[in-house]
Each structure stands twice: as C-alpha cells, then as structure tokens.
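Heads up: the structure comes next, in structure tokens.
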Amino acid sequence: MQNQKRPRGFSTRAIHEGYDPQDYHGALNPPVFLTSTFAFDSVETGAARFAGTEPGYIYSRVGNPTATVLESRLAALEEGEAALASSSGMGAITAVIWTLLKAGDAIVADKTLYGCTFALLQHQLERFGIVTRFADLTRPEELRAALCPQTRLVFTETPSNPNMRVIDIEATADICRKAGVLLAVDNTYCTPYLQRPIALGADIVLHSATKYLGGHGDLLAGAIVARKELIDQFRFTGIKELNGACISAMDAFLILRGLKTLSLRMDRHCETALKLARDLEAHPAVESVFYPGLDSHPQKELAARQMRGFGGMIGMELKGGLPAGRAFMNAVELATLAVSLGDAETLVQHPASMTHATYTPEERAQHGFTDGLVRLSVGLEDYEDIHADLIQALGRVSG
Ligand code: 4LM
C-alpha cells in the first residue's frame with residue numbers, strides 16, 4: 001500500500017515544498033527570476049491581473065516566481081495558510097503594523113524585544129498617532145490589564161531578544177482571541193523547526209529570515225505567515241504601497257538553499273548551546289546564564305512544552321558586570337564579535353551598546369536586562385573548539 005496520505009515530515013517539506021523540477025526543465029533548484037517586470041500578452045490580460053481577476057505576475061514588488069516558491073515553503077513549515085517574504089525582518093514587521101493600524105489605535109507588546117522593534121514601537125509609531133503599551137507577557141494578568149478598546153495587535157517574541165524570557169503562546173493567544181485582538185509572534189529565535197506559533201493559536205508569525213532561515217550570514221530578508229486574507233493585505237497594502245520592502249529573487253533563492261539544512265542546523269545549534277550554557281553556568285567568573293534549557297530558567301517547563309529544542313541563543317552576565325563583559329568579548333578568538341545571529345559562525349555581542357542601544361539605560365533596567373549582559377549566538381563549529389575559546393576568554397577576565 002502506498003502511504004500517500006501521510007503528511008510529509010518537516011525536513012522533507014523544507015527541501016521539496018512548493019517546487020516541482022518538472023515545471024522548469026527538470027532543474028533541481030528553482031530558477032532565480034532576475035526580472036523586475038512581467039510581460040502581458042494583451043492589455044486585457046494586464047488589466048485583469050491588476051484587477052485581481054486573473055492570476056499571474058505583474059511586477060516583482062508584488063510577487064516573483066522564486067519568491068513564490070519560498071513563500072509556499074515557509075507557509076508549509078509554519079503550518080499557516082500563506083506567507084509573504086520581505087527584504088528584511090524590519091520590513092516584515094513594519095508591513096504588518098502599518099497595514100493593520102491607523103492613528104488612534106494601540107499595540108500591546110512584550111517588554112523585551114529586539115532593539116529596532118522596540119525603537120519602532122516606543123519611539124517612532126507615536127509620530128503617526130499609534131500608541132504602544134509594554135507589558136510583561138509572562139504574566140497573563142498584565143496583558144489583560146494592558147488591553148484597551150483601541151488595541152488591535154499584541155506583539156511578542158519568544159524567547160525574547162536578548163534575555164531569553166519565554167512567553168506562553170497558547171495562553172496569550174487565548175486572551176487575544178477573547179479580546180478580539182490579533183496576536184503576532186516573532187519566531188526568529190526558534191524558526192518553525194523549534195516552535196510553530198500558529199498551531200498554538202497565534203494569528204501572525206514574523207521572521208527575520210536574515211538569521212536561521214537563511215543561516216549563512218549572506219543576506220537580509222524577512223517573512224510573514226498568516227491566513228491568506230491577511231497575507232493579501234500585507235502584500236497589496238503593506239509591501240506594495242506602504243514600505244516597498246519586497247524580497248529580491250536572489251535572496252529568496254539563498255533562503256531556499258538555507259532551508260534545506262534548517263533541521264540539521266537547528267539540532268546542532270540546540271545541542272551545542274545546551275552544553276555550553278551548562279558549562280558557562282558552572283564557571284566561577286559567571287554570575288548568571290539565561291537559556292531556557294537550564295534548570296535555573298524560570299520557564300524551563302513551558303519552554304520544553306512549547307519548543308522542540310531550546311535554541312542556539314544564550315545570554316550571560318559575568319560577576320564583574322560590564323567591565324568583565326567587555327574584557328570577555330574582546331578576548332574571544334574563534335567567536336566573532338558581531339551583531340546578528342543564527343549563522344554557522346559563533347557570534348558574540350553586547351546588547352546594551354549594540355543591538356539594544358535603542359533602549360535608554362533606564363528602559364533597559366525597566367525592561368529587564370542589564371548593561372553587563374553578553375549575548376552569544378552559538379554557531380555550528382565543533383563544541384570542543386567553541387568551549388575552549390569561551391573558557392580561555394573567561395580566564396582573561398579579572399574580577
Ligand atoms: C540582532 N536582530 O539581534 P532584520 N526580529 C528579531 C531580530 O533579532 C531582528 C529582527 C527582527 C539583530 C540584528 C542586528 C527577533 C534582528 C530584524 O535585521 O531587519 O532582518 O531583522 O542582532
């Protein structure tokens with residue numbers, strides 16, 4: 001008996017979904033459609049495509065065949081109806097917010113977010129009459145209290161960048177559904193391999209595809225996954241008319257290439273990061289380690305329920321605070337001192353002066369991370385080599 005009804009596994013979908021070589025001369029990989037525009041065979045066809053009464057491509061800001069393969073694949077991996085790729089993670093986030101909200105509306109966001117997302121919500125949107133209330137979404141009662149009749153969207157990351165707080169997506173989605181508010185989850189840290197927010201009740205999933213989805217530090221891109229009706233709005237209003245942040249065909253191709261090894265890479269990131277988090281926590285120079293797989297993490301049980309693995313990101317505070325953190329980051333040799341995450345190379349950076357310099361010192365304190373916090377994006381090198389590098393760098397920290 002053929003078992004054709006059995007749904008395909010994650011890795012199989014990451015390699016095959018949305019593309020049949022027979023549609024393109026048997027080419028194993030999807031062609032890269034390096035074209036800005038698409039020829040119509042008649043004025044009537046062009047008009048029908050613009051009117052949406054006939055399918056077909058018009059212009060690559062609105063859709064491109066290489067991007068379509070990527071979008072089908074991402075939708076299948078996130079178990080959503082449809083997806084939209086964009087030129088960066090910030091392009092995806094702004095497309096969602098500018099499409100859904102207008103002056104007078106409000107957003108509730110978790111209190112720790114990637115620095116530019118925070119800057120958008122805290123400092124920029126108010127110029128357009130949109131207000132953001134920050135709440136600790138690890139506490140459902142804080143979310144309920146922050147919602148108001150003007151709230152249209154609840155926005156969260158989980159685990160949060162940079163301090164690895166974990167938000168209960170199912171519980172948050174339940175509150176949002178009852179309040180008639182959409183829930184958007186930035187799934188950059190996990191990828192759909194580790195966590196699928198739509199299956200847990202979220203409405204919108206966002207990605208910086210620059211990170212694990214691409215996986216090789218060679219591009220910037222973003223993605224949105226949601227119901228088709230919402231994706232149509234994000235495509236035809238958000239990207240077509242509001243921010244123009246469309247993906248390039250070449251970047252779509254590179255992400256498709258990265259996705260083929262996503263599950264293998266994520267397994268390795270998770271395995272090495274868990275071991276390193278335990279090593280770092282046991283080191284005498286280390287004050288605390290923030291990693292959801294550690295027994296000391298307050299939401300370890302939730303993380304184990306919600307995520308397939310604990311991910312490749314680690315936050316760490318040293319006993320000597322900021323001076324010790326600086327000395328450590330300057331002492332790494334194999335690890336690279338750089339922002340971004342999810343690459344093959346282990347990256348080390350200082351949130352307070354780099355990715356999260358958009359928070360004032362007071363905001364950082366209020367929003368739950370110290371100036372001494374060091375962030376590690378654990379790469380794919382041999383565990384023994386990363387371990388040796390981090391331990392030698394800790395050995396050069398005085399205090
Ligand atoms: C960084 N992050 O943390 P683009 N969502 C999350 C992110 O971490 C980022 C974005 C969105 C870092 C960049 C320098 C959770 C970015 C924004 O950079 O616009 O693709 O994604 O190091």
Side-chain angles (χ1 to χ4, degrees), residues 70 74 78 84-98 109-122 124 137 155-167 169 184-192 194-195 197 202 204-225 238-239 243-248 251-252 254-255 258 269 290 292 307 311-315 329 335-343 345-359 364 367 369 373-379:
L70 173 62
L74 288 174
E78 283 287 3
L84 173 60
S86 62
S87 62
S88 69
M90 288 309 295
I93 292 168
T94 53
V96 165
I97 289 176
W98 288 342
D110 182 53
K111 67 180 195 173
T112 7
L113 299 169
Y114 164 58
C116 292
T117 311
F118 173 76
L120 170 74
L121 298 178
Q122 168 81 349
Q124 303 299 338
L137 295 198
F155 188 103
T156 192
E157 297 171 3
T158 180
S160 61
N161 183 356
N163 52 3
M164 307 301 290
R165 293 162 55 258
V166 178
I167 310 303
I169 298 174
V185 176
D186 185 328
N187 204 25
T188 299
Y189 263 37
C190 282
T191 83
L194 298 184
Q195 173 174 280
I204 300 163
V205 171
L206 287 150
H207 280 284
S208 169
T210 315
K211 320 299 183 200
Y212 293 104
L213 298 181
H216 295 78
D218 50 9
L219 59 92
L220 270 98
I224 314 168
V225 185
I239 287 191
N243 71 5
C246 54
I247 194 165
S248 80
D251 287 341
L254 287 172
I255 298 167
H269 284 298
F290 305 95
M307 300 160 67
M313 300 298 296
I314 299 176
M329 288 181 279
T336 305
L337 187 54
V339 299
S340 203
L341 57 111
D343 294 332
E345 295 79 3
T346 295
L347 305 179
V348 176
Q349 70 107 12
H350 179 223
S353 66
M354 298 177 188
T355 52
H356 293 68
T358 50
Y359 289 68
R364 284 195 286 276
H367 291 245
F369 55 100
L373 186 76
V374 172
R375 193 187 74 181
L376 297 169
S377 168
V378 175

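Counting convention: from 1, in listed order, for ligands and their atoms alike.
Below 3.5 Å of separation, one finds an N or O of Ser208 facing an N or O of ligand 1. The shortest N or O to N or O distance between Asp186 and ligand 1 is under 3.5 Å. An N or O contact shorter than 3.5 Å is missing between Val339 and ligand 1 by distance. Residue Thr117 places no N or O, backbone or side chain, under 3.5 Å from any N or O of ligand 1. Considering backbone and side-chain atoms together, Gly91 places no N or O closer than 3.5 Å to any N or O of ligand 1. For the pair Arg375 and ligand 1, the shortest N or O to N or O distance falls below 3.5 Å. Residue Asn161 has at least one N or O atom closer than 3.5 Å to an N or O atom of ligand 1.
Counting heavy atoms from C-beta outward, Glu157 and Thr188 have side chains that stay 4.5 Å or more apart. A 4.5 Å side-chain heavy-atom check between Ile247 and Ile255 finds at least one atom pair inside the cut-off. Looking at Gln349 and Ser377, their side chains never come closer than 4.5 Å, going by heavy atoms from C-beta outward. Between Phe155 and Thr117, the closest side-chain pair of non-hydrogen atoms falls below 4.5 Å. Proximity of Leu213 to Pro192: side-chain heavy atoms (C-beta onward) are separated by under 4.5 Å at one or more points.
Contacts of His207 with ligand 1, taken as heavy-atom pairs under 4.0 Å, are absent altogether. Contact annotation: for Glu157 versus ligand 1, heavy atoms closer than 4.0 Å belong to the side chain alone. When heavy-atom distances to ligand 1 are checked against a 4.0 Å cut-off, Leu341 comes that close only through its side chain, counted from C-beta outward.
Here the protein heavy atom with the shortest distance to atom 20 (O) of ligand 1 is Thr210 OG1, 2.6 Å. Of all protein heavy atoms, the one lying nearest to atom 17 (C) of ligand 1 is Tyr114 CE2, 3.6 Å. Nearest non-hydrogen protein atom to atom 4 (P) of ligand 1 is Gly89 N, 3.3 Å.
Less than 4.0 angstrom separates some heavy atom of Thr355 from each of these atoms of ligand 1: 1 (C), 3 (O), 22 (O). The ligand atoms of ligand 1 that sit less than 4.0 angstrom from a heavy atom of Thr188 are 5 (N), 6 (C), 15 (C).
The closest approach between a heavy atom of Ala221 and any atom of ligand 1 is below 4.0 Å. At least one heavy atom of Ser340 sits closer than 4.0 Å to an atom of ligand 1. Contact analysis puts Lys211 in contact with ligand 1, with a non-hydrogen atom separation below 4.0 angstrom.
Between Phe369 and Tyr359, the distance from one ring center to the other falls under 6.0 angstrom.
With hydrogens and angles ignored, the 3.5 Å screen pairs a side-chain donor or acceptor of Thr346 with a backbone N or O of Gly379. The main-chain N or O of Gly217 is found under 3.5 Å from a side-chain atom of Asp343 such that the two form a donor-acceptor pair. A donor-acceptor contact shorter than 3.5 Å is absent between the side chain of Asn161 and the backbone of Tyr189. Between the side chain of Thr210 and the main chain of Ala221, a donor-acceptor pair closer than 3.5 Å is present.
What you find for Ala352 and Arg364 is that their closest heavy atoms are O-NH1, 3.3 Å.
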